[in-house]
Amino acid sequence: MKRLSIDDNYLVPVKSNFDGTLRFEKGGYNEVWYEVGEEQELPWKEIEEIRKGARSFFELNWIILVPTAEYSVSEMYNALGVGKYYPDADKFKSLDEVVAMKPTAMAKYLQGVSESYRESVAVYAKGLYENNDPRMDSKSKKEAIEKVLNVDFDEV
(Lines give C-alpha, C1' and ligand atoms only; values in the text may rest on other atoms or scores of the structure.)
Protein backbone atom coordinates (compact mmCIF):
# COMPACT_ATOMS: atom_id res chain seq x y z
CA MET A 1 0.00 0.00 0.00
CA LYS A 2 1.37 3.39 -1.01
CA ARG A 3 1.71 5.89 1.82
CA LEU A 4 -0.48 8.93 1.68
CA SER A 5 1.24 12.32 1.49
CA ILE A 6 -0.41 14.95 3.70
CA ASP A 7 0.37 18.67 3.48
CA ASP A 8 2.60 19.88 6.35
CA ASN A 9 0.11 22.61 7.30
CA TYR A 10 -2.97 20.38 7.29
CA LEU A 11 -4.65 20.64 10.70
CA VAL A 12 -5.59 17.41 12.46
CA PRO A 13 -7.47 17.14 15.76
CA VAL A 14 -5.30 15.21 18.23
CA LYS A 15 -6.89 13.86 21.39
CA SER A 16 -5.06 12.88 24.56
CA ASN A 17 -5.62 9.30 25.58
CA PHE A 18 -3.34 9.66 28.60
CA ASP A 19 -4.71 9.87 32.12
CA GLY A 20 -2.84 12.96 33.30
CA THR A 21 -0.82 15.80 31.81
CA LEU A 22 0.84 14.94 28.52
CA ARG A 23 3.56 17.21 27.12
CA PHE A 24 5.51 17.27 23.86
CA GLU A 25 8.42 19.70 23.69
CA LYS A 26 10.91 19.50 20.85
CA GLY A 27 12.13 21.55 17.93
CA GLY A 28 10.19 24.65 18.89
CA TYR A 29 6.99 22.73 19.54
CA ASN A 30 5.41 22.87 22.97
CA GLU A 31 2.09 21.08 23.28
CA VAL A 32 0.34 20.20 26.52
CA TRP A 33 -2.81 18.18 27.05
CA TYR A 34 -4.00 18.48 30.65
CA GLU A 35 -6.46 15.59 30.80
CA VAL A 36 -7.63 12.53 28.98
CA GLY A 37 -9.97 13.42 26.13
CA GLU A 38 -8.60 16.95 25.65
CA GLU A 39 -8.31 17.76 21.97
CA GLN A 40 -6.02 20.15 20.09
CA GLU A 41 -5.60 20.84 16.39
CA LEU A 42 -2.01 20.35 15.29
CA PRO A 43 -0.41 20.82 11.88
CA TRP A 44 0.59 17.58 10.19
CA LYS A 45 4.27 18.57 10.34
CA GLU A 46 4.09 18.69 14.15
CA ILE A 47 2.39 15.29 14.29
CA GLU A 48 5.27 13.93 12.20
CA GLU A 49 7.71 15.50 14.68
CA ILE A 50 5.93 13.77 17.54
CA ARG A 51 6.35 10.47 15.70
CA LYS A 52 10.05 11.17 15.11
CA GLY A 53 10.88 12.53 18.55
CA ALA A 54 8.42 10.78 20.84
CA ARG A 55 7.27 7.59 19.11
CA SER A 56 6.04 6.29 22.46
CA PHE A 57 3.10 8.70 22.14
CA PHE A 58 1.88 6.34 19.41
CA GLU A 59 3.34 3.05 20.67
CA LEU A 60 1.57 3.51 24.02
CA ASN A 61 -1.55 5.04 22.44
CA TRP A 62 -1.16 8.26 24.44
CA ILE A 63 -2.63 10.27 21.57
CA ILE A 64 -5.42 9.54 19.16
CA LEU A 65 -5.86 11.23 15.81
CA VAL A 66 -9.42 12.26 15.03
CA PRO A 67 -10.79 11.63 11.51
CA THR A 68 -11.23 14.66 9.30
CA ALA A 69 -13.39 15.31 6.23
CA GLU A 70 -10.43 14.41 4.02
CA TYR A 71 -8.74 11.51 5.85
CA SER A 72 -9.72 8.55 8.00
CA VAL A 73 -7.62 7.82 11.07
CA SER A 74 -6.27 4.62 9.52
CA GLU A 75 -5.04 6.63 6.50
CA MET A 76 -3.30 9.10 8.82
CA TYR A 77 -1.76 6.41 11.04
CA ASN A 78 -0.50 4.56 7.96
CA ALA A 79 0.94 7.80 6.54
CA LEU A 80 2.88 8.17 9.80
CA GLY A 81 3.93 4.52 9.82
CA VAL A 82 2.28 3.85 13.19
CA GLY A 83 -0.80 1.93 12.06
CA LYS A 84 0.35 -1.24 13.84
CA TYR A 85 -0.15 0.48 17.22
CA TYR A 86 -3.83 1.16 16.53
CA PRO A 87 -5.58 -2.13 15.79
CA ASP A 88 -8.75 -1.59 13.83
CA ALA A 89 -7.83 2.12 13.76
CA ASP A 90 -11.16 3.42 12.50
CA LYS A 91 -12.81 1.77 15.51
CA PHE A 92 -10.06 2.61 18.05
CA LYS A 93 -11.65 4.05 21.17
CA SER A 94 -10.59 6.54 23.79
CA LEU A 95 -10.24 5.51 27.44
CA ASP A 96 -13.59 7.16 28.21
CA GLU A 97 -15.34 5.08 25.58
CA VAL A 98 -13.72 1.84 26.75
CA VAL A 99 -14.61 2.41 30.41
CA ALA A 100 -18.21 3.16 29.41
CA MET A 101 -18.57 -0.23 27.66
CA LYS A 102 -20.37 -3.17 29.14
CA PRO A 103 -17.87 -5.79 30.38
CA THR A 104 -18.55 -8.30 27.58
CA ALA A 105 -18.13 -5.62 24.90
CA MET A 106 -14.97 -4.38 26.63
CA ALA A 107 -13.49 -7.87 26.76
CA LYS A 108 -14.13 -8.36 23.06
CA TYR A 109 -12.79 -4.92 22.17
CA LEU A 110 -9.58 -5.35 24.20
CA GLN A 111 -8.63 -8.65 22.55
CA GLY A 112 -5.40 -8.10 20.66
CA VAL A 113 -4.65 -4.55 21.82
CA SER A 114 -1.25 -3.69 23.25
CA GLU A 115 -0.43 -4.44 26.86
CA SER A 116 0.34 -0.75 27.46
CA TYR A 117 -3.12 0.24 26.23
CA ARG A 118 -4.69 -2.33 28.56
CA GLU A 119 -2.62 -0.88 31.43
CA SER A 120 -3.80 2.63 30.52
CA VAL A 121 -7.41 1.44 30.67
CA ALA A 122 -6.79 -0.15 34.09
CA VAL A 123 -5.11 2.94 35.56
CA TYR A 124 -7.79 5.23 34.16
CA ALA A 125 -10.67 3.07 35.43
CA LYS A 126 -9.04 2.78 38.86
CA GLY A 127 -8.71 6.57 39.06
CA LEU A 128 -12.36 7.03 38.17
CA TYR A 129 -13.39 4.47 40.77
CA GLU A 130 -11.27 6.03 43.52
CA ASN A 131 -12.72 9.47 42.73
CA ASN A 132 -16.31 8.14 42.83
CA ASP A 133 -16.81 9.12 39.21
CA PRO A 134 -20.29 8.16 37.94
CA ARG A 135 -18.72 6.26 35.01
CA MET A 136 -17.49 3.73 37.57
CA ASP A 137 -20.72 3.75 39.50
CA SER A 138 -20.67 0.33 41.07
CA LYS A 139 -18.47 -2.24 42.71
CA SER A 140 -19.71 -4.77 40.16
CA LYS A 141 -18.38 -2.61 37.30
CA LYS A 142 -15.02 -2.34 39.09
CA GLU A 143 -14.91 -6.11 39.54
CA ALA A 144 -15.92 -6.72 35.93
CA ILE A 145 -13.17 -4.42 34.63
CA GLU A 146 -10.63 -6.08 36.91
CA LYS A 147 -11.68 -9.45 35.52
CA VAL A 148 -11.60 -8.31 31.87
CA LEU A 149 -8.16 -6.74 32.29
CA ASN A 150 -6.90 -9.47 34.63
CA VAL A 151 -5.78 -6.87 37.22
CA ASP A 152 -6.44 -5.95 40.82
CA PHE A 153 -7.02 -2.22 41.36
CA ASP A 154 -5.12 -2.53 44.65
CA GLU A 155 -2.02 -3.48 42.65
CA VAL A 156 -2.35 -1.01 39.74
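Side chains included, hydrogens not; waters and symmetry mates left out as well; all remaining heavy atoms used. If you read the sequence from its start, that first residue is 1, and numbering goes on from there. Since we're looking at a predicted model, the values are computed, not measured.
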Ignoring hydrogens and angles, tell me if any N or O in the side chain of Glu46 forms a donor-acceptor pair with the backbone of Pro43 under 3.5 Å. no
Within the distance-only criterion (no hydrogens, no angle test), does the side chain of Asp7 pair as donor or acceptor with the backbone N or O of Asn9 below 3.5 angstrom? yes
To the closest 0.5 Å, what do you measure between OG (Ser120) and CG (Asp19)? 8.5 Å
How many angstroms lie between atom NZ of Lys126 and atom CE of Met136, to the nearest 0.5 angstrom? 11.5 Å
Side-chain contact, heavy-atom cut-off 4.5 Å: Ile47 with Phe58? yes
Within the 4.5 Å heavy-atom criterion, are Leu65 and Pro13 side-chain neighbours or not? no
Residues Ala122 and Phe153: closest non-hydrogen pair is O-CE1, 3.9 Å
Nearest 0.5 angstrom please: Lys15 NZ to Leu22 CG, how far? 14.5 Å
pair Arg55-Tyr85: side-chain heavy atoms closer than 4.5 Å: yes
Are Glu38 and Gln40 side-chain neighbours, meaning at least one heavy-atom pair lies under 4.5 Å? yes
Compare all side-chain heavy atoms of Leu95 with those of Val121 and state whether any distance is below 4.5 angstrom. yes
side-chain contact (heavy atoms from CB on, under 4.5 Å) between Trp62 and Asn17, intermediate numbers included: CA-CA 5 Å; Trp62 287 347; Asn17 201 39; 5.8 Å; no
Can you measure from NZ (Lys142) to CG (Leu128) and round to the nearest 0.5 angstrom? 13.5 Å
Given 3.5 Å as the limit, does a donor-acceptor pair link the side chain of Trp33 with the main chain of Val14, or not? yes
Using modelled atom types only, decide if a donor and an acceptor are shared between the side chain of Asn78 and the backbone of Ser74 within a distance under 3.5 Å. yes
Can you tell if the side chain of Asn30 reaches within under 4.5 Å of the side chain of Arg23, non-hydrogen atoms only? yes
Working to the nearest 0.5 angstrom, can you tell me the gap between Asn61 CG and Phe18 CZ? 12.5 Å
Ion pair Glu143/Lys147, N-O distance below 4.0 Å: no
Quick one, Phe24 with Ile63, criterion side-chain contact (heavy atoms from CB on, under 4.5 Å). Give me CA distance, side-chain angles, the key distance, then yes/no. CA-CA 11 Å; Phe24 174 73; Ile63 58 174; over 6 Å; no
For residues 96-107, run the donor-acceptor check on the side chains, cut-off 3.5 Å, and write out each pair with its distance to 0.1 Å, sequence neighbours left out.
residue	atom	partner	partner atom	Å
Asp96	OD1	Tyr124	OH	2.3
Asp96	OD1	Arg135	NH1	2.5
Glu97	OE1	Ser94	N	2.8
Glu97	OE1	Ser94	OG	3.3

Within the structure provided, determine whether Leu42 and Leu11 are in side-chain contact (heavy-atom separation under 4.5 Å). no
Taking 4.0 angstrom as the limit, do Glu48 and Lys52 come out as a salt bridge? no
Sequence-distant partners of Ile6, side chain to side chain contact (heavy atoms under 4.5 Å, CB included), two or more places apart: Leu4, Tyr10, Trp44, Tyr71, Met76, Ala79
